[in-house]
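Below you'll find the structure, written out as structure tokens, and then a few comments.
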Amino acid sequence: MPRIFDNIELELLPALRATLDVAGRCDFCVGYFNLRGWKSIDDLVEHWQGGPGKQCRLLVGMQRPPQEELRAVFSLTKAEEEQLDNQTIARLKKRLAEDFRDQLTFGVPTNVDEAGLRRLAAQLREGKLVVKLFLRHTLHAKLYLLFRTDPINPIIGYLGSSNLTFSGLSNQGELNLDVLDHDAANKLVRWFEDRWNDRWCVDITAELLKVVNESWAREEVLPPYQIYVKMAYHLAQEARAGLSEFRIPPEFGKRLFDYQVAAVKIAAHHLNKRGGCVDRRCRRAGKDAHGDGPGENLPG
């Protein structure tokens, strides 16, 4: 009888780790892949040499928008599929990579997360982990296949509802079964291979590596000046938005200096977005009235 892993009475992660420890390669298919969740098993994949037959092949079947557009494109008829070009595919793959980049903007970065993401990048770079995205249709399957040198039981599978995230493997309630039967395991292997080799199964390993290398987990330390420039850019973003979105009526524009026109536009942006704003000069004038500082000439 198969074992049931529900993360309540029996967690999937310890069993998966124990099987990975004696396996030489693995094939995973999940609906959602969390980059920071990879650290739950990366130490066991690290021992593999990498390359075909000595790596983890990860097939991701469903992501959040904007990939819905991509799925729609790849679900066209055969005649329409021929109209796709490399430029369109590259553009849509880039948009999908943005979804993974957004994952790293949630939560507070920790040293553990940083180390885990760096190991993930190294394994992507060394061919120990290859990631593809299945785009022909929505795929929500969760399958873990592990291969070992054992003439009696060479393939062990775990099939159920757990995504490749820390919560899916050990925290939230799930329902998974182990698959040890030879015939069932071989059928699952063929199922995985059919989708892995599908025409519209796109390799996104390079895109994921770029996401990590450009994130806060990158190994190269950024110069302080670049951090300062980026902070200044974001701080000035709303000011730029106000300058481009609003115009001053001609009768007022002729009576105001350029810096006053800019101030009014920025104030209009804050009024529109937040319903109010405070002029710092008013605060300064209040201080001067109470003898807290030198006077300031304010326009009438």
Minimum heavy-atom distance between [X] and [Y], given as atom pair plus value:
X	Y	value
L145	G157	CD2-CA, 4.1 Å
V130	W196	O-CH2, 3.7 Å
L164	V30	N-CG1, 3.7 Å
S40	F166	OG-CD1, 3.6 Å
H182	I152	NE2-O, 2.7 Å
A121	L209	O-CD1, 3.3 Å

Problem set entry | Pair listing, salt bridge (Lys or Arg N to Asp or Glu O under 4.0 Å) test, anchored in residues 155-164, at least two apart | none

Seminar exercise, completed: Residues pairing under salt bridge (Lys or Arg N to Asp or Glu O under 4.0 Å) where one sits in residues 16-32, two or more places apart or in two chains, turn out to be R17-D43, R25-D27, D27-R57

Exercise. Can you check side chain to side chain contact (heavy atoms under 4.5 Å, CB included) on Q55 and E126, steps first, answer last?
Worked result: CA-CA 10 Å; Q55 62 188 184; E126 296 166 3; over 6 Å; no

Exercise. Linking I/L/V/M/F/W/Y whenever their side-chain heavy atoms sit closer than 4.5 Å, directly or via other members, would L12 and I8 fall into one cluster?
Worked result: no

Exercise. If Ile, Leu, Val, Met, Phe, Trp and Tyr residues are connected whenever their side-chain heavy atoms lie under 4.5 Å apart, and connections chain through other members, are L271 and V264 in the same group?
Worked result: no

For this session: Evaluate the criterion side chain to side chain donor-acceptor pair (under 3.5 Å) for residue pair E174 and S161; output intermediate values, then yes/no.
Result: CA-CA 6 Å; E174 302 283 355; S161 63; 2.6 Å; yes

Problem set entry | Pair I156-V179, side chain to side chain contact (heavy atoms under 4.5 Å, CB included): steps then yes or no | CA-CA 6 Å; I156 298 177; V179 180; over 6 Å; no

Remaining members of the apolar cluster that contains [X], side-chain heavy atoms under 4.5 Å:
X	answer
I4	L175, L177
Y225	Y228, V229
V22	none

Exercise. Is the CG atom of N197 crowded by more than 12 outside heavy atoms at less than 6.0 Å?
Worked result: yes

Exercise. Does atom NZ of K210 have more than 12 heavy-atom neighbours, drawn from other residues, nucleotides or ligands, at distances under 6.0 Å?
Worked result: no

Can you tell me how far the [atom1] atom of [X] sits from the [atom2] atom of [Y], to the nearest 0.5 Å?
X	Y	atom1	atom2	answer
L59	C29	CG	SG	4.5 Å
L16	C26	CG	SG	8.0 Å
I41	L169	CD1	CG	7.0 Å
R148	L20	CZ	CG	12.0 Å
I155	T19	CD1	OG1	13.5 Å
W200	L133	CH2	CG	13.5 Å

Exercise. Can you list the steps and then say if W38 with C56 is a side chain to side chain contact (heavy atoms under 4.5 Å, CB included)?
Worked result: CA-CA 12 Å; W38 180 251; C56 174; 3.9 Å; yes

Exercise. Below 4.5 Å, heavy atoms only, C-beta onward: do V131 and D203 meet side chain to side chain?
Worked result: no

With a 3.5 Å distance limit and no angle check, can you tell me whether [X] reaches the backbone of [Y] through a side-chain donor-acceptor pair?
X	Y	result
W216	L104	yes
S170	S167	no
D183	K187	no
K132	L58	no
D42	L120	no
Q103	L35	yes
K39	R36	yes
R118	V212	no

Exercise. Would E193 and R190 count as a salt bridge (charged side-chain N to carboxylate O under 4.0 Å, His left out) if you check the C-alpha gap in whole Å, the side-chain angles of each, and the deciding distance to 0.1 Å?
Worked result: CA-CA 5 Å; E193 290 291 344; R190 289 194 295 271; over 6 Å; no

For this session: Would you mind telling me which of E46, H47, Q49, Q123 makes a side chain to side chain donor-acceptor pair (under 3.5 Å) with K128?
Result: E46

Partners passing salt bridge (Lys or Arg N to Asp or Glu O under 4.0 Å) against [X] (at least two apart in sequence or in another chain):
X	value
E207	K93
D194	none
D178	R3
D181	none

Problem set entry | Listed once per pair and sorted, the ring pair (Phe, Tyr, Trp, His ring centres under 6.0 Å) pairs that draw on residues 142-162, sequence neighbours left out | F5-Y158, F28-Y144

For this session: Please name all residues satisfying side chain to side chain contact (heavy atoms under 4.5 Å, CB included) with T110, sequence neighbours left out, ordered by chain then number.
Result: V112, D113

Seminar exercise, completed: Sorted by chain and residue number, the side-chain hydrogen bond (donor to acceptor under 3.5 Å, both in side chains) partners of K142 (sequence neighbours excluded) come out as H140

Problem set entry | Full working for side chain to side chain donor-acceptor pair (under 3.5 Å) between N163 and T165 | CA-CA 6 Å; N163 275 310; T165 65; 6.0 Å; no

For this session: Determine, stepwise, if the pair N171 / N7 fulfils side chain to side chain contact (heavy atoms under 4.5 Å, CB included).
Result: CA-CA 6 Å; N171 277 358; N7 291 343; over 6 Å; no

For this session: Answer with yes or no whether the side chains of N176 and S162 bring together a donor and an acceptor at under 3.5 Å.
Result: yes

